[in-house]
Asker: 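Dumping the structure here so I can ask a few things about it.
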Amino acid sequence: MTPLHGWYAEEARDLPWRRPEFHAAFGAWGVLVSEFMLQQTPVTRVIPHLDAWLTRWPTPRAMAAASPADVVQQWANLGYPRRALWLHRAAVEVVERHGGVVPRDVDALLALSGIGDYTARAVAVFAYGDRHPVVDTNTRRVLARAVEGRAQPGSPSRRDLALMAALLPADPAEAAVLNAAAMELGATICTSRAPRCDRCPLADGCAWLAAGRPDTGDERRRQAAYEGSDRQARGAVLRLLRAAAPAAVPLTAVLPDWPDVRQRDRAIDSLIADGLAEADGEGLSLPR
DNA sequence: AAGTCGGGGCT
DNA sequence: AGCCCAGACTT
């Protein structure tokens with residue numbers, strides 16, 4: 001893993017959350033927001049939204065004072081809109097439990113809404129410089145190949161954390177670089193489909209490359225089709241509510257021509273259950 | 001351990 | 001027409 005340091009210094013992408021100005025302006029809150037947005041949304045899609053979000057709500061306290069409707073609206077088309085509500089809830093929790101300061105302790109971070117193993121450690125490491133293993137889907141693939149000689153990682157588990165922890169340098173700053181470098185390598189070189197092993201700094205020591213890049217038969221659990229799914233219906237309803245906001249949409253005007261009316265109603269009910277929509281006498285709207 | 005949850009871009 | 005994406009939550 002040692003070659004990653006030099007490679008990262010030379011080749012790392014210039015991303016907003018890696019710039020000193022970003023940390024100076026938004027601190028740990030900026031890192032927290034960026035990591036929320038990056039949960040399953042590609043880097044290139046997050047970038048255009050991040051600055052607008054942080055300019056509007058530059059602190060947890062500002063975010064906590066916003067309405068859920070404004071939060072869902074600002075989240076726009078980033079996907080998985082429950083994350084917007086969780087981010088808002090996390091901001092409230094930061095104000096209530098930590099005086100408005102994003103906590104540094106991993107367990108305190110894990111206790112916040114919408115924060116799991118990845119995000120908690122990403123904040124502790126990239127915002128505060130502490131020494132923890134940060135393992136995302138990119139890192140898991142790099143470890144699977146370079147260390148275990150497999151084509152694809154297995155399902156996420158705590159083993160990944162232990163494996164990465166064992167590879168971290170003793171110095172926290174160097175450990176942070178390795179964490180970021182492993183993610184960067186997986187995102188740009190050691191990609192899922194067509195890895196560029198010819199440009200990989202770990203090529204000499206990679207177990208998978210040494211074995212001739214075998215197909216180790218690790219089936220990735222594939223996602224159901226989006227077309228025709230409940231998720232698509234939810235997305236369509238929410239898009240309608242965003243367009244109408246702050247006005248409510250009469251229930252009879254909510255996707256009247258949707259192919260499957262039971263699916264439509266299921267989508268409405270589940271959005272209400274999630275707190276992403278609200279129904280009253282005037283109809284359906286974003287949550288007040 | 002398996003299901004659910006967006007949406008866009010690339011192959 | 002799939003596959004993939006700086007995951008987390010619920011059951």
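Note on naming: letters A, B, ... go to the chains in the order of the sequence lines (proteins, then strands), and numbering restarts at 1 for each one. Below, all heavy atoms of this structure are taken into account, side chains as well, without hydrogens, waters or symmetry copies.
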Asker: Rounded to whole Å, how long is the line connecting atom CG of A:Asp230 with atom C1' of B:dG6?
Answerer: 13 Å
Asker: Considering only atom P, compute the distance from C:dT11 to B:dG6 and round it to an integer number of Å.
Answerer: 16 Å
Asker: Using a 4.0 Å heavy-atom cut-off across all strands, classify A:Arg18 as base, sugar-phosphate, or nothing.
Answerer: base
Asker: Does A:Pro156 or A:Leu238 map to a spot on DNA chain B nearer the 5' end, using the closest nucleotide for each?
Answerer: A:Pro156
Asker: Just how far is it from atom CG of A:Asp51 to atom CZ of A:Arg56, taken to the nearest 0.5 Å?
Answerer: 14.0 Å
Asker: If I take atom CD from residue A:Gln40 and atom CG from residue A:Leu78, how far apart are they, to the nearest 0.5 angstrom?
Answerer: 13.0 Å
Asker: Answer with base, sugar-phosphate or nothing: what part of the nucleic acid does A:Asp274 contact at a heavy-atom distance below 4.0 Å?
Answerer: nothing
Asker: Find the distance A:Tyr8:OH to C:dA6:P and express it as a whole number of Å.
Answerer: 14 Å
Asker: Find the distance A:Glu227:CD to B:dC5:P and express it as a whole number of Å.
Answerer: 16 Å
Asker: Can you tell me if the side-chain N/O atoms of A:Thr119 get under 4.0 Å from OP1 or OP2 in C:dA8?
Answerer: yes
Asker: Rounded to the Å, how far apart are A:Asp160 CG and C:dA6 P?
Answerer: 16 Å
Asker: Between P on C:dA6 and CG on A:Leu78, what's the gap in Å once rounded to a whole number?
Answerer: 13 Å
Asker: Could you state the atom-to-atom distance from CZ of A:Arg231 to P of B:dG7 in whole Å?
Answerer: 9 Å
Asker: May I ask you to check whether over 12 heavy atoms, not counting those of A:Arg97, lie within 6.0 Å of atom CZ?
Answerer: yes
Asker: Polar pairs (N or O, both sides) under 3.5 Å between protein and nucleotides 9-11 of chain C?
Answerer:
{"from": "C:dC9", "atom 1": "OP1", "to": "A:Gly114", "atom 2": "N", "distance (Å)": "2.8"}

Asker: How many angstroms lie between atom CD1 of A:Ile115 and atom CZ of A:Phe36, to the nearest 0.5 angstrom?
Answerer: 4.5 Å
Asker: Taking A:Asp230 first and then A:Arg234, would you say they form a salt bridge - that is, a charged N and a carboxylate O separated by under 4.0 Å?
Answerer: no
Asker: Classify A:Trp17 by what it touches in the nucleic acid, base, sugar-phosphate, or nothing, heavy-atom distance under 4.0 Å.
Answerer: base
Asker: With a cut-off of less than 4.0 Å, is there a side-chain N or O of A:Gln40 near OP1 or OP2 of C:dG7?
Answerer: yes
Asker: If you measure from the P atom in B:dT4 to the same atom in C:dA6, how many Å do you get, rounded?
Answerer: 24 Å
Asker: Picking from B:dG6, C:dC5, C:dA6, which would you name as closest to the side chain of A:Leu38?
Answerer: C:dA6
Asker: Could you check if a side-chain atom of A:Asp130 sits within less than 4.5 angstrom of a side-chain atom of A:Val106, using non-hydrogen atoms only?
Answerer: no
Asker: Select from A:Thr137 and A:Ser192 the residue whose nearest nucleotide in DNA chain C is closer to the 5' end of that strand.
Answerer: A:Ser192
Asker: Any donor-acceptor pair under 3.5 Å between the side chain of A:Thr41 and the base of B:dG6?
Answerer: yes
Asker: Roughly how far, to the nearest 0.5 Å, is the OG1 atom of A:Thr119 from the CD atom of A:Gln39?
Answerer: 4.0 Å
Asker: Side-chain donor-acceptor contacts of residues 280-287 of chain A below 3.5 Å, not counting sequence neighbours, with atom names and distances?
Answerer:
{"from": "A:Asp280", "atom 1": "OD1", "to": "A:Glu282", "atom 2": "N", "distance (Å)": "2.8"}
{"from": "A:Asp280", "atom 1": "OD1", "to": "A:Gly283", "atom 2": "N", "distance (Å)": "3.2"}
{"from": "A:Ser285", "atom 1": "OG", "to": "A:Arg288", "atom 2": "NH2", "distance (Å)": "3.3"}

Asker: Residues in side-chain hydrogen bond (donor to acceptor under 3.5 Å, both in side chains) with A:Ser34, at least two apart?
Answerer: none
Asker: Of the candidate nucleotides C:dA8, B:dG7, B:dG6, which contains the atom at the shortest distance from the side chain of A:Tyr118?
Answerer: C:dA8
Asker: Determine the interatomic distance between C1' on C:dC9 and the same-named atom on B:dG8; round to the nearest Å.
Answerer: 23 Å
Asker: What's the CG-C1' distance between A:Leu32 and C:dG7, to the nearest Å?
Answerer: 14 Å
Asker: Check the distance between C:dA6's P and A:Asn138's CG and give it to me in whole angstrom.
Answerer: 5 Å
Asker: As a test of reading the structure: which of C:dA8, C:dA6, B:dC5 is closest to the side chain of A:Arg13, going by heavy atoms?
Answerer: C:dA6
Asker: Hey, can you pull the donor-acceptor pairs under 3.5 Å for the side chains in residues 170-190 of chain A, sequence neighbours left out?
Answerer:
{"from": "A:Asp171", "atom 1": "OD2", "to": "A:Ala173", "atom 2": "N", "distance (Å)": "3.3"}
{"from": "A:Asp171", "atom 1": "OD2", "to": "A:Glu174", "atom 2": "N", "distance (Å)": "3.0"}
{"from": "A:Asn179", "atom 1": "OD1", "to": "A:Val134", "atom 2": "N", "distance (Å)": "2.9"}
{"from": "A:Asn179", "atom 1": "ND2", "to": "A:His132", "atom 2": "O", "distance (Å)": "2.8"}
{"from": "A:Asn179", "atom 1": "ND2", "to": "A:Ala175", "atom 2": "O", "distance (Å)": "3.2"}
{"from": "A:Glu184", "atom 1": "OE1", "to": "A:Arg13", "atom 2": "NE", "distance (Å)": "3.3"}
{"from": "A:Glu184", "atom 1": "OE1", "to": "A:Arg13", "atom 2": "NH2", "distance (Å)": "3.0"}
{"from": "A:Glu184", "atom 1": "OE1", "to": "A:Arg18", "atom 2": "NH1", "distance (Å)": "3.1"}
{"from": "A:Glu184", "atom 1": "OE1", "to": "A:Arg18", "atom 2": "NH2", "distance (Å)": "2.8"}
{"from": "A:Glu184", "atom 1": "OE2", "to": "A:Arg13", "atom 2": "N", "distance (Å)": "2.9"}
{"from": "A:Glu184", "atom 1": "OE2", "to": "A:Arg13", "atom 2": "NE", "distance (Å)": "2.9"}
{"from": "A:Thr188", "atom 1": "OG1", "to": "A:Glu184", "atom 2": "O", "distance (Å)": "2.9"}

Asker: Determine the contact category for A:Ser34: base if any of its heavy atoms lies under 4.0 Å from a base atom, sugar-phosphate if only primed atoms, P, OP1 or OP2 are that close, otherwise nothing.
Answerer: nothing
Asker: For nucleotides 8-11 of chain B, list the nitrogen or oxygen atoms of the protein found under 3.5 Å from its nitrogen or oxygen atoms, one pair per line.
Answerer:
{"from": "B:dG8", "atom 1": "OP1", "to": "A:Asn77", "atom 2": "ND2", "distance (Å)": "3.3"}

Asker: For A:Leu15, report the nucleic acid contact type (base, sugar-phosphate, nothing); a contact means any heavy atom under 4.0 Å.
Answerer: base
Asker: Please list all pairs meeting side-chain hydrogen bond (donor to acceptor under 3.5 Å, both in side chains) that have one or both residues in residues 247-260 of chain A, counting only residues at least two apart or in different chains.
Answerer: A:Trp258-A:Gln263
